[in-house]
Amino acid sequence: MRVSRLLGRTLRQEPGEAETPSHRLMLKAGLVQQVAAGVYSYLPLAWRSLRKIEQIIREEMDAAGGQEVMMPVLQPIEMWEETDRRRAFGPILFTVTDRKDHVLCLGPTHEEVVTHLVRRHVQSYRDLPLRIYQIQNKFRDEPRPRGGLMRAREFAMKDLYSFDADEAGLEDSYQAMMAAYYRIFQRCGLQAIAVEADSGAIGGKESHEYMVVAESGENDVIFCGSCDYAANVERAQSVKPPLPVETPLPLEPVSTPGMKTISEVAGFLGIPRSRTLKAVFYMADGNLVFVVIRGDLEVNEVKLKNALHCFDLRLATDPEVAAAGLVAGFASPIGLKGVRVIADDSIQLGSNFVVGANRPDTHLRNANYPRDFSVDQILDIAIAQPGHPCPRCGGDLRGTRGIEVGHVFKLGTFFSERLGALFLDREGTQRPVIMGCYGIGVGRLLASAIEAQHDDKGIIWPVSIAPYHIYLCPLNLDQPPVREAAESLYQELTTNGAEVLYDDRSESPGVKFNDADLLGMPLRLTVSPRTLRQGVVEVQSRRDGQRDYLPRENIAQQLQARLRALSSGPGTSQP
RNA sequence: CGGGGCGUAGCGCAGUGGCUAGCGCGCUUGGUUCGGGACCAAGAGGUCGGCAGUUCGAAUCUGCCCGCCCCGACCA
């Protein structure tokens with residue numbers, strides 16, 4: 001491809017819109033163009049790269065027994081009502097009304113449709129397992145699209161759906177997908193780690209997310225420095241630092257004028273925060289919930305939401321708290337009636353806590369569970385924090401940010417039961433198919449690759465997903481010998497199957513070199529009066545900047561060898 | 001949805017009531033340059049986000065609306 005003909009120009013100035021490196025670079029390099037918030041056109045370079053990523057995914061899905069299909073974007077809303085996911089998705093769902101006033105939605109994902117697709121074809125255990133996948137655009141009306149392709153409203157996604165006859169089959173499918181994901185991310189030159197993930201409200205016992213570690217990531221990941229434990233903070237567990245168990249002392253009120261927060265109370269009384277119990281109030285689908293947790297810990301709202309099995313969870317407002325007869329800042333589980341109380345199990349790790357007295361300016365000392373109060377549920381609803389011991393090995397937990405590029409999920413029978421995807425097993429018993437789903441955000445993967453591999457000059461593409469492999473960069477093109485040498489190199493390389501982006505513009509060297517760095521193809525070939533005099537071709541590697549001079553003969557073969565050597569990139573780690 | 005910011009040429013921005021709306025980059029033409037974003041000269045390019053209002057006069061003031069960015073909430 002000739003740069004002079006290529007759609008998309010590089011920008012000299014930093015685009016004002018963009019914040020995250022990948023977004024900025026994609027705009028600056030002319031890879032994408034925004035059409036609306038979270039909606040993008042992909043220019044030829046980005047599209048080539050996306051297609052390469054898709055091809056890698058396709059090969060690995062096919063190798064893992066997947067069959068590719070195409071499913072509709074438009075989906076009747078009734079399907080989403082059958083599974084109650086219209087409510088679960090809420091305003092995220094894009095809906096349209098047709099001329100007959102029939103409501104349809106733009107598919108944000110395809111569990112309903114694929115289950116509908118498969119159920120007619122699966123009648124017997126002999127029809128299973130089945131692994132069906134698609135690579136298509138999906139639509140989610142995100143409250144806040146951000147970071148360019150990181151979180152878009154229209155985005156390309158690969159989803160594979162597995163259908164198995166039993167749990168063992170599901171486990172096979174799950175393992176096959178995890179193995180495939182390992183290869184996919186490795187082939188894309190991405191270091192992705194599998195972390196335990198929240199399985200959400202729907203079905204699923206087990207779920208892993210694949211994270212690319214990056215500052216700009218939207219997810220907090222907790223991992224162990226000693227063993228291979230890693231989890232999204234939404235799910236992560238930790239060993240809560242224990243406190244010495246003391247002999248329970250009698251409850252006693254203590255005056256705490258104006259001390260409303262845990263740190264104020266702890267500071268005022270001269271005790272560590274871990275010697276207090278914190279009360280936090282939530283509204284769960286309209287009902288007030290009283291949450292108790294040890295003062296040095298924070299409430300994990302995902303864990304709480306899972307414990308409550310509710311759709312909508314938010315902090316309660318002060319009037320809502322007061323309406324329940326509670327005194328914010330001094331609320332207490334002691335003597336509480338008519339409010340659901342959920343406790344973190346940390347309230348059992350310690351004794352003689354300070355709690356609110358449910359009277360202004362007063363707390364109580366020496367509160368002990370269960371002597372002084374009762375709760376409706378007690379379980380782990382705390383945020384695991386860096387520095388806590390690992391729940392597996394006791395090592396130190398650490399934290400990082402990650403971009404979620406993939407998600408594998410054991411769905412179970414949620415969809416098959418509701419949509420009637422049933423089969424007869426060996427004994428002739430009718431059972432729902434056991435499902436799994438396995439997604440990869442294609443555009444997000446592209447953005448992550450740039451996020452993970454760039455420098456202050458531009459993108460550094462891994463060979464496997466680079467739009468082109470070679471940036472042919474002649475200088476002083478107006479000199480006929482240079483022009484002729486460049487044209488003949490371009491011809492020779494392309495005839496030998498090399499992917500060459502040929503900068504045939506009459507720009508000055510500085511412009512060309514800067515664009516070469518910005519666009520980030522793995523190898524830059526420089527042709528100039530100087531190299532011609534020496535009878536060589538200059539090759540520079542984008543990744544390490546190393547420059548070599550190669551003889552003109554068999555140049556295509558020499559470059560192929562270099563690209564092969566460059567292709568051994570970083571890998572991924574398995575859980 | 002809460003908070004903050006922005007909307008003027010393809011891109012980045014200046015212009016707080018006054019005459020014909022500017023600068024840099026990019027673009028066009030001619031010339032000189034040529035190994036890390038060259039230089040000279042001449043040009044083209046604008047419903048100032050939209051609508052309504054105030055005014056002799058609005059990019060500028062007021063109201064409403066729309067769009068975009070960032071932080072938070074949210075994200076089976």
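A, B, ... follow the sequence lines: proteins, then strands. Residue 1 opens every chain.
RNA chain B is contacted by both A:Gly148 and A:Glu111; A:Gly148 maps to the nucleotide lying nearer its 5′ end (nearest heavy atom per residue). If you find the closest nucleotide of RNA chain B to A:Arg140 and to A:Arg530, the one lying nearer the 5' end belongs to A:Arg530.
The nucleotide B:G45 finds no pairing partner, because no Watson-Crick or G-U wobble arrangement with both distances shorter than 3.5 Å includes it. With a cut-off of 3.5 Å on both Watson-Crick or G-U wobble distances, the partner of B:C11 is given as B:G24. In this structure, B:G72 forms a base pair with B:C1, meeting either the Watson-Crick or the G-U wobble geometry with both donor-acceptor distances under 3.5 Å. Nucleotide B:G30 forms a pair with B:C40, judged by Watson-Crick or G-U wobble geometry with both contacts under 3.5 Å. Remark: B:A52 base-pairs with B:U62. Criterion, Watson-Crick or G-U wobble with two distances under 3.5 Å.
Residues satisfying the side-chain contact (heavy atoms from CB on, under 4.5 Å) criterion with A:Leu6, sequence neighbours excluded, are A:Met1, A:Pro44, A:Leu45, A:Leu501. Among residues two or more places apart in sequence or in another chain, the side-chain contact (heavy atoms from CB on, under 4.5 Å) test is passed with A:Arg552 by A:Ser488, A:Leu489, A:Glu492, A:Val537, A:Ile555. Residues meeting the side chain to side chain donor-acceptor pair (under 3.5 Å) test with A:Asp504, sequence neighbours left out: A:Ser4. With sequence neighbours excluded, the residues that form a side-chain contact (heavy atoms from CB on, under 4.5 Å) with A:Asn219 are A:Met211, A:Asn232, A:Glu404. For A:His116, there are no side chain to side chain donor-acceptor pair (under 3.5 Å) partners, not counting sequence neighbours. Take A:Thr400 and apply the side chain to side chain donor-acceptor pair (under 3.5 Å) test, not counting sequence neighbours, and it matches no residue.
A:Thr531 comes within 4.0 angstrom of a base, heavy atoms only. Among the atoms of the strands shown, none is found under 4.0 Å from any heavy atom of A:Glu218. Residue-level contact check: A:Glu301 touches the backbone only, with heavy atoms under 4.0 Å from sugar-phosphate atoms and none from bases. Base contact: A:Arg146 has a heavy atom under 4.0 Å from a base atom.
By the neighbour-count criterion of 12 heavy atoms within 6.0 Å, atom CD of A:Gln33 is sparsely surrounded, having that number or fewer from other residues, nucleotides or ligands. Remark: A:Glu215 CD is loosely packed, at most 12 non-hydrogen atoms of other residues, nucleotides or ligands lying under 6.0 Å away.
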Contacts under 3.5 angstrom, residues 433-440 of chain A side chains, donor-acceptor by atom type, not counting sequence neighbours:
{"unit_1": "A:Tyr438", "atom_1": "OH", "unit_2": "A:Ser162", "atom_2": "OG", "d": "2.8"}

Identify the pairs formed between an N or O of the protein and an N or O of nucleotides 67-69 of chain B at a distance under 3.5 Å, and give each distance.
{"unit_1": "B:C68", "atom_1": "OP1", "unit_2": "A:Ala37", "atom_2": "N", "d": "2.7"}
{"unit_1": "B:C68", "atom_1": "O3'", "unit_2": "A:Gln34", "atom_2": "NE2", "d": "3.3"}
{"unit_1": "B:C68", "atom_1": "O2'", "unit_2": "A:Glu17", "atom_2": "OE2", "d": "3.3"}
{"unit_1": "B:C69", "atom_1": "OP1", "unit_2": "A:Gln34", "atom_2": "NE2", "d": "3.0"}

N/O-N/O pairs, protein side and nucleotides 21-24 of chain B side, under 3.5 Å:
{"unit_1": "B:G24", "atom_1": "N2", "unit_2": "A:Gln13", "atom_2": "OE1", "d": "2.8"}
{"unit_1": "B:G24", "atom_1": "N2", "unit_2": "A:Gln13", "atom_2": "NE2", "d": "3.2"}

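Within residues 469-484 of chain A, the residues having any heavy atom closer than 4.0 Å to RNA chain B are, in order of number, A:Leu475, A:Asn476, A:Asp478.
Rounded to whole Å, the P atom of B:G43 lies 46 Å from the corresponding atom of B:C64. B:U47 and B:A59: their P atoms are spaced 14 Å apart (whole Å).
A distance of 12.0 Å separates CD of A:Glu507 from CG of A:Leu475, quoted to the nearest 0.5 Å. For the atom pair A:Ile53 CD1 and A:Ser448 OG, the distance stands at 9.0 Å (nearest 0.5 Å).
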Next item on the list: Would you give a per-nucleotide map of nucleotides 36-48 of chain B, 5' to 3', where B means the base has a protein non-hydrogen atom under 4.0 Å away, S means only the sugar-phosphate does, and - means neither?
Entry: BBS----------
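With respect to A:Arg483 and A:Glu487, a salt bridge is recorded, a charged nitrogen being found less than 4.0 Å from a carboxylate O.
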Next item on the list: Kindly indicate, with the supporting measurements, whether the criterion salt bridge (charged side-chain N to carboxylate O under 4.0 Å, His left out) is fulfilled by A:Glu82 and A:Arg418.
Entry: CA-CA 7 Å; A:Glu82 277 182 73; A:Arg418 280 160 186 77; over 6 Å; no
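Rounded to whole Å, the distance from CZ on A:Arg85 to P on B:A76 is 10 Å.
In summary, the side chains of A:Tyr40 and A:Glu154 do not present any donor paired with an acceptor at a separation below 3.5 Å, with no hydrogens or angles considered.
A donor-acceptor contact under 3.5 Å is formed by the side chain of A:Arg151 with the base of B:C75.
The phosphate of B:C71 has OP1 or OP2 within less than 4.0 Å of a side-chain N or O from A:Arg144.
Residue pairs meeting the salt bridge (Lys or Arg N to Asp or Glu O under 4.0 Å) criterion with at least one member in residues 522-540 of chain A, sequence neighbours excluded: A:Arg524-A:Glu538, A:Glu538-A:Arg547.
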